[in-house]
**Student:** 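I'd like to ask some things about the structure below.
Computation of the quantities below employed the complete heavy-atom set of this structure, encompassing side-chain atoms and omitting hydrogens, waters and symmetry-equivalent molecules.
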Amino acid sequence: MSEQFIREIEEDLRRDKALKLWKRFGPWIIGAAVLVVVGVAADVAWRAWEENRRNEQASAYAAAEALAASGKQDQAAAAFQALAADAESGYAGLALMRAAEAKLAAGDRDGAQAGFESVAARGDLDPAIKATATLKAASLAIRTETPDQIRARVSGLIDSEENWRPLAEELVALAAFKAGDTQRAGEIFARLADDADAPQDLRGRAASYARVLGAPIASEAAAGAAPADAASTDADQEPAK
């Protein structure tokens with residue numbers, strides 16, 4: 001047999017083998033290819049839908065902010081509330097906070113307090129947003145609730161290791177001050193004045209309140225005693241003439 005004839009036989013055998021393999025695995029290969037195409041198309045469609053939804057939420061948020069900026073607080077509150085109903089948790093939290101703030105700006109203190117309380121109670125929102133809502137609700141509740149009730153509202157923040165504790169304690173002190181419990185208020189303010197974890201402006205406010213209430217601030221008492229102690233020590237060590 002010639003070499004050309006042998007090559008033709010080998011070519012026929014390879015073709016037959018390829019046809020058998022295709023008949024056996026062809027449908028699976030096509031199915032896999034279709035799944036890949038469908039998966040890519042679904043991912044692209046999902047990303048486009050997400051982007052459109054975020055753009056729509058951003059536009060709705062900006063429109064609500066514009067209403068608030070123009071003084072239309074009632075309309076702004078309704079717009080923020082509507083956005084929160086449909087938005088994902090990030091925008092929903094911000095929108096609910098802004099809805100409550102718009103109600104407060106419109107003079108609806110009860111509605112604002114209820115709004116902040118609803119944000120604080122939701123489990124799907126960012127902890128920072130929930131903590132802020134808790135403090136805002138407590139600050140509005142001071143007008144009607146006792147210091148112990150305010151303490152109960154913010155106890156989670158006071159007992160936590162986050163940086164909200166000084167702000168929460170300040171609200172309890174203010175509630176005590178409003179209720180006429182000047183001793184309790186003074187003690188808290190004096191403690192906050194020396195609190196290294198508290199923001200500087202809060203420490204300044206607390207020190208001012210403590211001085212007004214006559215509550216001794218430990219750092220100021222120590223600073224006042226230091227020169228006297230030093231003078232006493234110098235006098236003791238001065239040699240007799």
**Student:** Under the rule for side-chain hydrogen bond (donor to acceptor under 3.5 Å, both in side chains), what residues qualify as partners of Glu169, not counting sequence neighbours?
**Tutor:**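 Glu169 satisfies side-chain hydrogen bond (donor to acceptor under 3.5 Å, both in side chains) with Arg165, Arg191 only.
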**Student:** What pair of heavy atoms forms the shortest contact from Leu171 to Ala138, and how long is it?
**Tutor:**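 Nearest heavy atoms, Leu171 then Ala138: CD1-CB, 3.8 Å.
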**Student:** Shortest non-hydrogen contact from Arg98 to Ala68?
**Tutor:**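 Scanning both residues completely, I find the closest heavy atoms to be NH2-CB, 3.7 Å.
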**Student:** Atom OG in Ser70, atom CD in Glu65: separation rounded to 0.5 Å?
**Tutor:**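 Answer rounded to 0.5 Å: 11.0 Å.
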**Student:** Please lay out, stage by stage, how Asp197 and Asn163 fare under the test side-chain contact (heavy atoms from CB on, under 4.5 Å).
**Tutor:** CA-CA 7 Å; Asp197 293 330; Asn163 295 329; 5.7 Å; no
**Student:** Which one of Leu13, Asp12, Ile6 satisfies the side chain to side chain contact (heavy atoms under 4.5 Å, CB included) criterion with Ile9?
**Tutor:**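 Testing each of Leu13, Asp12, Ile6 against Ile9, the sole residue satisfying side chain to side chain contact (heavy atoms under 4.5 Å, CB included) is Leu13.
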**Student:** Show the numbers, then the answer: is there a side-chain contact (heavy atoms from CB on, under 4.5 Å) between Arg122 and Ile129?
**Tutor:** CA-CA 10 Å; Arg122 283 187 52 158; Ile129 291 179; over 6 Å; no
**Student:** Within a 6.0 Å radius of atom CD on Glu8, are there more than 12 heavy atoms belonging to other residues, nucleotides or ligands?
**Tutor:**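 Result for CD/Glu8: enclosed.
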**Student:** Give a yes or no on this: more than 12 heavy atoms of other residues, nucleotides or ligands lie within 6.0 Å of atom CH2 of Trp49.
**Tutor:**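 More than 12 within 6.0 Å, yes.
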**Student:** How far does CD of Glu56 sit from CG of Leu83, to the nearest 0.5 angstrom?
**Tutor:**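 With rounding to 0.5 Å, CD (Glu56) is 11.0 Å from CG (Leu83).
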**Student:** Is there a path of hydrophobic side-chain contacts, each under 4.5 Å between heavy atoms, that joins Trp22 and Val34?
**Tutor:**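 Both belong to a single hydrophobic cluster.
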**Student:** Can you give me the closest heavy-atom contact between Lys136 and Met97, atom names plus distance?
**Tutor:**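 So the minimum-distance heavy-atom pair works out to CD-CE, 3.8 Å.
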**Student:** Show, in sequence, the C-alpha distance, side-chain angles and deciding distance for Arg184 and Ile188, and conclude whether the side-chain contact (heavy atoms from CB on, under 4.5 Å) test is met.
**Tutor:** CA-CA 6 Å; Arg184 182 179 183 181; Ile188 298 174; 4.2 Å; yes
**Student:** Would you check if Trp164 and Thr132 make a side-chain contact, meaning some heavy-atom pair closer than 4.5 Å?
**Tutor:**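 They are in contact (side-chain heavy atoms under 4.5 Å apart), so the answer is yes.
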**Student:** Tell me whether Ile150 shares a hydrophobic cluster with Leu104, the cluster being built from Ile, Leu, Val, Met, Phe, Trp, Tyr side chains joined at under 4.5 Å.
**Tutor:**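 No, Ile150 and Leu104 fall in different hydrophobic clusters.
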**Student:** Kindly indicate whether the side chain of Glu101, heavy atoms from C-beta on, has any atom under 4.5 Å from the side chain of Phe116.
**Tutor:**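 Sidechains of Phe116 and Glu101: in contact.
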**Student:** Check the pair Asp16 / Lys20 against salt bridge (Lys or Arg N to Asp or Glu O under 4.0 Å), numbers first and verdict last.
**Tutor:** CA-CA 6 Å; Asp16 290 342; Lys20 290 179 180 177; over 6 Å; no
**Student:** Using 0.5 Å steps for rounding, measure from the CD atom of Glu145 to the NZ atom of Lys178.
**Tutor:**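 One gets 10.5 Å once the value is rounded to the nearest 0.5 Å.
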**Student:** Strictly below 4.0 Å, N to O, side chains only: are Glu10 and Arg7 in salt-bridge contact?
**Tutor:**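 So Glu10 does not pair with Arg7 through a salt bridge.
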**Student:** Is there a path of hydrophobic side-chain contacts, each under 4.5 Å between heavy atoms, that joins Ile217 and Phe177?
**Tutor:**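 Result: no, two separate clusters.
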**Student:** Any side-chain heavy atom of Thr144 within less than 4.5 Å of one from Gln149?
**Tutor:**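 SC-SC contact between Thr144 and Gln149 ruled out.
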**Student:** So does Arg24 have more than 12 non-hydrogen atoms from other groups sitting under 6.0 Å from CZ?
**Tutor:**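 Atom CZ in Arg24 is not packed in, count stays at 12 or less.
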**Student:** Using modelled atom types only, decide if a donor and an acceptor are shared between the side chain of Gln73 and the backbone of Lys103 within a distance under 3.5 Å.
**Tutor:**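 No; judged by distance alone, with no hydrogens or angles, the pair does not exist.
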**Student:** Write down the atom of Ala176, the atom of Pro147, and the distance for their closest heavy-atom approach.
**Tutor:**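 In this case the closest contact between Ala176 and Pro147 is CA-CG, 3.6 Å.
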**Student:** Closer than 4.0 angstrom, basic N to acidic O: yes or no for Arg14 and Glu11?
**Tutor:**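 Yes, charged N to carboxylate O under 4.0 Å.
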**Student:** Can you see which heavy atom on Ala193 is nearest to which on Ala206, and at what distance?
**Tutor:**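 Result for this residue pair: N-CB, 3.8 Å.
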**Student:** Angle class for the Tyr91/Tyr61 ring planes (parallel below 30°, perpendicular above 60°, tilted otherwise)?
**Tutor:**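 Rings of Tyr91 and Tyr61: tilted, as their planes differ by 30° to 60°.
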**Student:** Do you know which two heavy atoms are closest between Leu67 and Ala79, and how far apart they sit?
**Tutor:**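 Heavy atoms only, the tightest pair is CD1-CB, 4.1 Å.
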**Student:** Please walk me through it: do Leu157 and Leu167 pass side-chain contact (heavy atoms from CB on, under 4.5 Å)?
**Tutor:** CA-CA 9 Å; Leu157 301 179; Leu167 292 168; over 6 Å; no
**Student:** Give the cluster check for Val154 versus Leu140: same hydrophobic cluster or not, with ILVMFWY residues linked at side-chain heavy-atom distances below 4.5 Å.
**Tutor:**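 Result: no, two separate clusters.
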**Student:** Is a side-chain N or O of Asn52 found less than 3.5 angstrom from the main chain of Ala48, in a donor-acceptor match?
**Tutor:**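 Yes, because the side chain of Asn52 sits within donor-acceptor range (under 3.5 Å) of the backbone of Ala48.
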**Student:** Are Ile29 and Val38 joined in one hydrophobic group, where the rule is that I, L, V, M, F, W and Y side chains link up if heavy atoms are under 4.5 Å apart?
**Tutor:**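 Hydrophobic grouping puts Ile29 with Val38.
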**Student:** Check whether any side-chain heavy atom of Leu174 sits under 4.5 Å from a side-chain heavy atom of Phe189, and report yes or no.
**Tutor:**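 Result yes, sub-4.5 Å side-chain heavy-atom pair found.
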